[in-house]
Amino acid sequence: MKGKWALVSGATTGLGLAIAEGLAGAGANIVLHDLVAPKQAAENLRARFRTEVIAAGADLSRRDAIQAMMADLLDRCDAIDILVNNAVVRHFSAIEQFPPDRWDQALAVNLSAPFHLIRLALPAMKQRGWGRIINMGSIYSSRGVEDRIDYVTTKTAILGMTRAVAIETARSGITCNTLCPGTLPTPAILSKIATMAAESGRPVEDVTGDYLGERQPTQRFIAMDAVAAMVVFLCSAAANDITGASLPIDGGWSIA
């Protein structure tokens, strides 16, 4: 991937940063995006992998901010060769109490932003005859759960977007796929489990085991570096003919 530019959205911490690290380790130059330009994370990535890194800040709920960011990046990099749509927002609420502004924000960040980033990245990808688009889905791309209508709806819609892009780009050297992880050890999940343990007076290890046991047959977290490794694989020549796919990385959750 030497010389290729990869844009990872929502990449200051957690899965986004792990994916950026995986791609940097494979030789790609990285655009590290978040709401506020993640300058320190970019410096750390640059020092670790000796690759070019750009810190980019943009509010993905605003089309004008996305367009301004992409215009700047295309001017500086010539092309975004690899696009990983990872940024996400979510709100927990029953449907009848769900705040309409949170719904609008979820549609903008989780669904419209990937559309805009894809449409703006595609012309340069097509000109080069090569590109990789990887949309981050979820186990909830294929099943429902209570009190998360924004997340379930947008992550399900991402599958349709992936199929549409894959069909339109099938003869262009560009692929588009969705990865659907199960439960990852994100700061939000670890905090949730810690709160459950504190409220119940039980050890964190026991609560973690119960939490995962209700979901993933493997009864362990999905490793972030494993998801990153799948992103790297999808960017390799071995994955030239994988496009339009929805690939689960969920410890058997989707088949249980």
Side-chain angles (χ1 to χ4, degrees), residues 1-13 15-89 105 108-136 158 161-162 164-166 168-169 171-177 228 231-232 234-236 243:
M1 293 183 207
K2 197 72 175 175
K4 288 185 168 59
W5 278 97
L7 166 58
V8 185
S9 67
T12 298
T13 60
L15 181 59
L17 182 58
I19 290 170
E21 290 172 341
L23 290 167
N29 299 320
I30 305 295
V31 177
L32 210 60
H33 161 272
D34 219 311
L35 183 61
V36 177
K39 294 180 181 179
Q40 188 58 57
E43 287 291 339
N44 296 342
L45 202 66
R46 189 180 298 112
R48 283 183 61 195
F49 296 99
R50 305 296 179 186
T51 191
E52 293 187 61
V53 182
I54 295 173
D59 182 352
L60 297 186
S61 69
R62 293 173 45 213
R63 185 174 66 184
D64 61 338
I66 295 171
Q67 292 178 162
M69 178 184 73
M70 287 297 287
D72 176 63
L73 292 175
L74 292 170
D75 183 58
R76 298 168 68 180
C77 308
D78 294 328
I80 297 299
D81 304 286
I82 298 163
L83 172 61
V84 183
N85 285 308
N86 172 72
V88 66
V89 296
Q105 182 191 36
V109 175
N110 302 357
L111 198 56
S112 291
F115 161 74
H116 291 304
L117 290 169
I118 290 169
R119 74 175 178 83
L120 294 168
L122 272 177
M125 287 183 179
K126 287 183 175 180
Q127 188 174 17
R128 293 190 174 194
W130 193 93
R132 294 291 183 266
I133 300 165
I134 298 164
N135 297 320
M136 295 310 303
I158 278 289
M161 183 182 295
T162 295
V165 174
E168 289 195 24
T169 59
R171 293 176 296 280
S172 65
I174 299 165
T175 66
C176 182
N177 294 289
V231 170
V232 173
L234 288 173
C235 295
S236 72
T243 193

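- Taking the salt bridge (charged side-chain N to carboxylate O under 4.0 Å, His left out) definition, one finds that Glu43 meets it with Arg46, sequence neighbours left out.
- Of the possible polar contacts, none joining the His33 side chain to the Ala11 backbone as a donor-acceptor pair under 3.5 Å is found.
- To the nearest 0.5 Å, the span separating CZ on Phe115 from CG on Asn110 amounts to 16.0 Å.
- For Ser61, the side-chain hydrogen bond (donor to acceptor under 3.5 Å, both in side chains) test picks out Asp59, with sequence neighbours left out.
- By the side-chain hydrogen bond (donor to acceptor under 3.5 Å, both in side chains) test, Thr12 is found to be paired with Asp34, residues two or more places apart in sequence or in another chain being considered.
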May I have the list of side-chain donor-acceptor pairs in residues 2-9 shorter than 3.5 Å, sequence neighbours left out?
unit_1	atom_1	unit_2	atom_2	d
Ser9	OG	Asn86	N	2.9
Ser9	OG	Ala87	N	2.9

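- The list of salt bridge (Lys or Arg N to Asp or Glu O under 4.0 Å) pairs with a residue in residues 108-117, not counting sequence neighbours, is empty.
- Gly173 and Arg132 get closest at one heavy-atom pair: O-NH1, 3.4 Å.
- Scored by the side-chain contact (heavy atoms from CB on, under 4.5 Å) test, Val232 finds Met1, Leu23, Ala26 as partners (sequence neighbours excluded).
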Expected list for residues 69-76: side-chain donor-acceptor pairs under 3.5 angstrom, two or more places apart:
unit_1	atom_1	unit_2	atom_2	d
Asp72	OD2	Arg76	NH1	3.4

Worked check of side chain to side chain contact (heavy atoms under 4.5 Å, CB included) between Trp130 and Ile174: CA-CA 5 Å; Trp130 193 93; Ile174 299 165; over 6 Å; no
Run the side-chain donor-acceptor check on residues 117-127: report pairs under 3.5 Å with partners two or more places apart or on a different chain.
unit_1	atom_1	unit_2	atom_2	d
Arg119	NE	His116	ND1	3.0
Arg119	NH2	Gln67	OE1	2.7
Arg119	NH2	His116	ND1	3.4

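- For Thr13, there are no side-chain contact (heavy atoms from CB on, under 4.5 Å) partners two or more places apart in sequence or in a different chain.
- Here Arg62 pairs with Asp64 under the salt bridge (charged side-chain N to carboxylate O under 4.0 Å, His left out) rule; sequence neighbours left out.
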Which atom pairs, one a donor and one an acceptor, fall under 3.5 Å between side chains of residues 47-55 and the rest of the protein, sequence neighbours left out?
unit_1	atom_1	unit_2	atom_2	d
Arg48	NH1	Glu21	OE2	2.9
Thr51	OG1	Ala28	O	2.9
Thr51	OG1	Asn29	OD1	3.0

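- Taking Thr162 as the reference, Asn135, Ile158, Cys176, Thr178 meet the side-chain contact (heavy atoms from CB on, under 4.5 Å) condition, with sequence neighbours excluded.
- Atom CG of Asn177 is separated from atom CD1 of Ile133 by 9.5 Å, given to the nearest 0.5 angstrom.
- Of the inter-residue distances, the one linking Leu234 atom CG with Ile134 atom CD1 reads 5.0 Å to the nearest 0.5 angstrom.
- Remark: Lys39 NZ to Leu32 CG distance equals 13.0 Å, nearest 0.5 Å.
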